[in-house]
2 protein chains.
Amino acid sequence: MGDDCRHTESAQPGLEGAALANAVAAAAVKCERTRERLTPPRRRVLELLLEADGPMKAYDLIAAYGQDGEPAKPPTVYRALDFLERLGFAHRIESLNAYVPCRMEGTSHRAAFLICECCGTAEEFEPDFAPQFAAAEAAGYAVRTVTLEARGLCPACKVEA
Amino acid sequence: MGDDCRHTESAQPGLEGAALANAVAAAAVKCERTRERLTPPRRRVLELLLEADGPMKAYDLIAAYGQDGEPAKPPTVYRALDFLERLGFAHRIESLNAYVPCRMEGTSHRAAFLICECCGTAEEFEPDFAPQFAAAEAAGYAVRTVTLEARGLCPACKVEA
DNA sequence: GAGGTTATGTTATTTCATAACGAATCATCT
DNA sequence: AGATGATTCGTTATGAAATAACATAACCTC
Ligand SMILES: [Zn+2]
Ligand SMILES: [Zn+2]
Ligand SMILES: [Zn+2]
Ligand SMILES: [Zn+2]
């Protein structure tokens, strides 16, 4: 990845202050509606994802978990990530072994990412899977989830290269 | 994955005997054309992938490597996998941490998979990425590779469910 | 056959993720 | 309130996946 990239990794700047609080509050509301519990560890991991400037690895989250510098235990974070993924608040990026907060306002959606191999940003977008879907159904498959990860260069890094 | 699946995992039966030898020989020919070397470890890992009935994990390959039961050392297999991926003889399936031999006759292509969550088979298909590509280019991205992995139920498992 | 390049063998380590189990919390129904 | 069952959490330990580092060997090609 982009160790030789001089761009500040700011294509997806993390949230701070009121914006962060609003995002967490919105998640809390969604949880109440579905009678899910946004418990302290889940809330904390969501905060960390929202604050970050880019995809976070699980052990980055583990290290950053305690406000006092105390790391979390791995199961604490992995459980929170499972929950956040299940509720649609976060996505795992398979090809990076990393996690991002969901950036799409809408409720349920199939996540897809444009991943910059230079600066490391991962931009979520909502693709039209209709053709692939049709092909799969034609072959007799019942598709449940789709993972799409496109790698290349983001606009900023493309210019410099 | 499908521990409760009673289907024999035979949607992608492994190669044996002459068919296996032919497939390996075809790979050898392709290598000669491009002056790449199909060395013993590379050939051995390719054989193991072709013989398998489904996606193989790296440590499955490591365990099965020696004909005498001796495992390989991890770097031996990971290096061979890197080579096979580079030449297009194998694909990594990110969401499974597993590898399959390429099933498409054509030369270069963007791989995509239909993965059955019941029986574990992974069928390669060649999708039309045009819409996603267009969307990415419109956003200013220069896409280099695309990973698409669809999970669901294969025809056989869909019937049973 | 000398020198540069590519591939391998080997040891050790790093990174990523989950199993297992008891204690605490929460919702629900007497 | 008190019993009950379901979730969640804290903790320890382990398993699974991938790579770093470096010495040796094989292979061009000049
Ligand atoms: Zn999303
Ligand atoms: Zn970039
Ligand atoms: Zn292929
Ligand atoms: Zn199946």
Side-chain angles (χ1 to χ4, degrees), chain A residues 1 3 27-28 31-46 48-49 55-68 70-87 89-100 120 147 149, chain B residues 1 3 27-28 31-49 52 55-68 70-87 89-100 120 147 149:
Chain A
M1 193 73 50
D3 292 328
C31 285
E32 279 178 28
R33 280 212 206 93
T34 52
R35 287 209 250 291
E36 297 278 356
R37 295 159 56 194
L38 189 61
T39 59
R42 292 165 176 181
R43 174 185 296 261
R44 177 62 180 148
V45 172
L46 176 58
L48 290 169
L49 290 175
M56 288 279 277
K57 302 252 190 184
Y59 274 73
D60 294 339
L61 295 166
I62 287 166
Y65 183 87
Q67 286 90 341
D68 52 358
E70 278 300 293
K73 305 292 173 63
T76 301
V77 165
Y78 279 104
R79 285 164 177 160
L81 288 170
D82 286 345
F83 170 85
L84 295 172
E85 281 200 83
R86 182 164 61 78
L87 276 282
F89 296 140
H91 301 295
R92 172 179 168 82
I93 300 181
E94 296 286 349
S95 60
L96 297 178
N97 290 352
Y99 302 82
V100 291
T147 299
E149 299 174 9
Chain B
M1 195 72 49
D3 292 328
C31 285
E32 279 180 26
R33 279 212 206 94
T34 52
R35 288 209 249 291
E36 297 278 356
R37 295 158 58 194
L38 190 61
T39 60
R42 292 165 177 180
R43 174 186 296 261
R44 177 61 181 148
V45 171
L46 176 58
E47 275 177 12
L48 289 170
L49 290 175
M56 288 279 277
K57 300 247 187 187
Y59 275 71
D60 294 340
L61 295 166
I62 287 166
Y65 184 87
Q67 286 90 343
D68 51 0
E70 277 300 294
K73 305 293 173 61
T76 301
V77 165
Y78 280 105
R79 286 164 177 162
L81 289 170
D82 287 344
F83 171 85
L84 295 172
E85 281 201 83
R86 184 163 60 79
L87 276 281
F89 296 140
H91 301 294
R92 171 180 168 82
I93 301 181
E94 297 287 349
S95 59
L96 298 178
N97 290 353
Y99 302 83
V100 291
T147 298
E149 300 174 10

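A note on names: the letters A, B, ... follow the listed sequences, proteins ahead of strands, and every chain is numbered from 1. Everything quoted here is computed from the prediction, not taken from an experiment.
Shortest non-hydrogen contact noted between B:Phe89 and B:Ala27 is CZ-O, 3.7 Å. For the pair B:Pro55 and B:Val100, the tightest heavy-atom approach, listed with the atom from each and the gap, is CA-CG1, 3.7 Å. Pairing each heavy atom of B:Pro74 with each of B:Ile62, the nearest pair is CA-CD1, 3.6 Å.
For A:Glu36, the side-chain hydrogen bond (donor to acceptor under 3.5 Å, both in side chains) partners two or more places apart in sequence, or in a different chain, are A:Arg86. In this view, B:Thr147 satisfies the side-chain hydrogen bond (donor to acceptor under 3.5 Å, both in side chains) rule with no residue, not counting sequence neighbours.
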Check your understanding: With the sugar-phosphate defined as primed atoms, P, OP1 and OP2, and the base as all remaining atoms, what B/S/- string results for nucleotides 12-21 of chain C, 5' to 3', for protein heavy atoms under 4.0 Å?
Key -> ----BBBBBB
Review point. Quick one: what's the B/S/- string for nucleotides 24-30 of chain D, heavy-atom cutoff under 4.0 Å, read 5' to 3'?
Key: ---S---
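Test A:Arg92, A:Glu85, A:His91, A:Lys57 against A:Tyr99 for side chain to side chain donor-acceptor pair (under 3.5 Å) and you get one pass: A:Arg92.
When the P atom of D:dA18 is taken as reference, atom CD1 of B:Ile62 falls 9 Å away, rounded to whole Å. Atom-to-atom, CG of A:Leu38 to C1' of D:dT8 comes out at 13 Å; the value is rounded to the nearest Å. The CG atom of B:Leu81 sits 12 Å away from the P atom of C:dT8 (whole-angstrom rounding). Distance A:Glu32 CD to C:dA27 P: 11 Å, rounded to the nearest Å. As rounded to whole Å, 14 Å separates atom P of C:dG9 from atom CZ of B:Arg44. Between A:Glu36 atom CD and D:dT7 atom P there is a gap of 10 Å when expressed in whole angstrom units.
The bend of the helix from C:dG1-D:dC30 to C:dT30-D:dA1, defined by the angle between the axes of its first five and last five pairs, stands at 30° to the nearest 10°.
From A:Leu81, atom CG reaches atom CZ of A:Arg79 across 12.0 Å, with rounding to the nearest 0.5 Å.
Formation of a donor-acceptor pair under 3.5 Å by the A:Glu149 side chain with backbone atoms of A:Ile93 is not found in this model.
Mapping B:Pro40 and B:Lys73 onto DNA chain C by nearest heavy atom places B:Pro40 closer to the 5' end of the strand.
A:Thr76 has no side-chain polar atom (N or O) that falls below the 4.0 Å cut-off from OP1 or OP2 of D:dT11.
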Side-chain atoms of residues 37-45 of chain B: list all donor-acceptor pairs with protein atoms under 3.5 Å, sequence neighbours left out, distances to 0.1 Å.
from	atom 1	to	atom 2	distance (Å)
B:Arg42	NH1	B:Arg37	O	2.7
B:Arg44	NE	B:Tyr65	O	2.7
B:Arg44	NH1	B:Glu47	OE1	3.0
B:Arg44	NH2	B:Ala64	O	3.2
B:Arg44	NH2	B:Tyr65	O	3.2

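Residues A:Val77 and A:Leu48 are not in side-chain contact: their nearest non-hydrogen atoms beyond the backbone lie 4.5 Å or more apart.
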